[in-house]
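Remarks on the structure that follows.
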Amino acid sequence: MNPKTNKTVTQLYYESSRYIDDAINHFEKQKKDFNKPIIKIETDLISGAIGLESLSTVIEGLQNTFTSAINNIMGNGSSVGKIPSYVKNLSKLAISEVEAGSFIIKLGTQDYLKEDPIQLSFVESEEEKLKVLEELIYRINSIEENDFEELKNKFGNRTVISSRKWFDQLAKEDVSFKYKKRFSNEKYEFDHSKIVDIANKLSNVVLKEENDTVIIMGKLVSYQLNNNKISLDTDEGEVTIKILDDSLEKHEIVVNSFYSLRVNRKQVIDNFDRINYEYSMSTIEESELINKDKQD
């Protein structure tokens, strides 16, 4: 057998093996990439470059809106107040990879980009959280004039407010982007015209919340100067009331004494159709001490 022929056959064998390996690696990379949502931010800069303000406008707005959505799904239907830290940690998004182009970002969730992913109580996989993100973008993309019920019912009033702020900022900064769905080549295109349209429609939303004034009577069990809140033990359970001015640190209040308070009550319906109430009063100086606890 001609050694020269054998060498050529060997070379062809190794070359074909390399091509097969490269093809497999390329396929695996594409399959992995297909699992991630992709955002392409339009820019007039060179390929792979982006202004920090444009990047921040898209990413920060997306993060805030997504956190509001997760907060609502977790049962926190309030449209005001602080979002619990565990919800913020649960909903942290992260850039898993960037590519050249206008500016292309692949998204993941922060806890699943660690070396040892954390299993969390609400969603035990990144897959579940990315499903929420996908539906959120779909709902925003599908907004029709005066029809916000799907977005509001699924993700709550706070998410509508976050979306409004996000798209107002996108319109102001003239930043456009595209969102590519996972497992699909379908894209949602948010050009300047569409962003302005969505922003205008969101600005016309009137979030319906029922408010009334009630008398709360009970024993004052605690107060928190750092966030201006007091808690009363009433016949219907413990009620926490937000004081809207700074009078709590100036006004004498007595723990374990009974008070009668005229407060504003706001009804909030969460994602599970449970009715919750938020209480506030303009100043603690309007409180009425009924019975002072006698302590030795």
Do [X] and [Y] come close enough that some side-chain heavy atom pair is under 4.5 Å?
X      : Y      : answer
Tyr179 : Pro37  : yes
Arg158 : Ile83  : yes
Asn71  : Pro84  : yes
Ser280 : Asn264 : yes
Arg182 : Leu130 : yes
Ile39  : Leu62  : yes
Ile253 : Tyr259 : yes

Which atom pairs, one a donor and one an acceptor, fall under 3.5 Å between side chains of residues 235-245 and the rest of the protein, sequence neighbours left out?
| residue | atom | partner | partner atom | Å |
| --- | --- | --- | --- | --- |
| Thr240 | OG1 | Ser231 | OG | 3.2 |
| Lys242 | NZ | Asn227 | O | 2.7 |
| Asp245 | OD1 | Ser247 | N | 3.0 |
| Asp245 | OD1 | Ser247 | OG | 2.6 |
| Asp245 | OD2 | Thr283 | OG1 | 2.9 |

Would you kindly confirm whether [X] and [Y] end up in one hydrophobic cluster when ILVMFWY residues are joined by side chain heavy atoms under 4.5 Å apart?
X      : Y      : result
Val221 : Tyr223 : no
Ile215 : Phe258 : yes
Leu93  : Ile59  : yes

Open item on the list: Among Ile216, Leu261, Leu232, which residue satisfies the side-chain contact (heavy atoms from CB on, under 4.5 Å) criterion with Tyr279?
Closed with: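 It is Ile216; the other options fail the test.
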Open item on the list: Ignoring hydrogens, what is the shortest heavy-atom contact between Asn200 and Ser203? Give both atom names and the distance.
Closed with: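 Looking at all heavy atoms of both residues, the shortest contact is O-OG, 2.6 Å.
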- [ ] Looking only at non-hydrogen atoms, find the nearest pair between Ala171 and Val196 and report the distance.
- [x]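 Taking Ala171 first and Val196 second, the nearest heavy atoms are CB-CG2, 4.0 Å.
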Open item on the list: Strictly distance-based, threshold 3.5 Å: is any side-chain N or O of Thr57 a donor or acceptor partner for the main-chain N or O of Leu170?
Closed with: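 Not a single qualifying donor-acceptor pair exists.
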Open item on the list: Checking the side chain of Lys129 only, and the main-chain atoms of Leu90 only, is there a donor and an acceptor separated by less than 3.5 Å?
Closed with: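 Such a contact is found between Lys129 side chain and Leu90 backbone.
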TODO: Apply the test side chain to side chain contact (heavy atoms under 4.5 Å, CB included) to residues Ile140 and Thr65: give CA-CA distance (whole Å), side-chain angles for both, the deciding distance (0.1 Å), then the verdict.
DONE: CA-CA 11 Å; Ile140 294 173; Thr65 304; 4.3 Å; yes
Spatial distance of atom [atom1] ([X]) from atom [atom2] ([Y]) [nearest 0.5 Å]:
X      : Y      : atom1 : atom2 : value
Ile73  : Leu136 : CD1   : CG    : 8.5 Å
Leu55  : Ile95  : CG    : CD1   : 5.5 Å
Ile70  : Leu133 : CD1   : CG    : 8.5 Å
Tyr188 : Lys181 : OH    : NZ    : 4.0 Å
Leu248 : Met281 : CG    : CE    : 10.0 Å
Ile284 : Ile230 : CD1   : CD1   : 3.5 Å

- [ ] Start with the C-alpha gap between Glu135 and Lys131, add the side-chain angles, then the distance that decides, and say whether salt bridge (charged side-chain N to carboxylate O under 4.0 Å, His left out) holds.
- [x] CA-CA 6 Å; Glu135 183 174 359; Lys131 282 182 180 178; over 6 Å; no
Task: Stepwise side chain to side chain contact (heavy atoms under 4.5 Å, CB included) check, Ile195 with Val175 - done: CA-CA 9 Å; Ile195 286 171; Val175 179; 6.0 Å; no
Among all residues two or more places apart in sequence or in another chain, which pass the side chain to side chain donor-acceptor pair (under 3.5 Å) test with [X]?
X      : answer
Thr234 : none
Ser56  : Glu60
Glu285 : none

Task: salt bridge (charged side-chain N to carboxylate O under 4.0 Å, His left out) contacts touching residues 187-198 (sequence neighbours left out) - done: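 Found Asp197-Lys201.
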Task: Pairing residues for Phe66 by the ring-ring contact (aromatic ring centres under 6.0 Å, His included) criterion, not counting sequence neighbours - done: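 Phe66 satisfies ring-ring contact (aromatic ring centres under 6.0 Å, His included) with no other residue.
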- [ ] For the pair Phe167 and Phe177, name the ring-plane relationship: parallel under 30°, tilted 30 to 60°, perpendicular over 60°.
- [x]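 Tilted: the ring planes of Phe167 and Phe177 meet at 30° to 60°.
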Task: Ile137/Phe190 under side chain to side chain contact (heavy atoms under 4.5 Å, CB included): CA gap, chis, key distance, verdict - done: CA-CA 10 Å; Ile137 297 296; Phe190 296 92; 4.1 Å; yes
Open item on the list: Between Leu107 and Lys36, is the side chain to side chain contact (heavy atoms under 4.5 Å, CB included) condition met? List the steps.
Closed with: CA-CA 6 Å; Leu107 291 176; Lys36 301 291 186 183; over 6 Å; no
Open item on the list: We want to know whether Gln63 and Thr67 form a side-chain donor-acceptor pair, criterion being a heavy-atom distance below 3.5 angstrom.
Closed with: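 Indeed, the side chains of Gln63 and Thr67 share at least one donor-acceptor pair under 3.5 Å.
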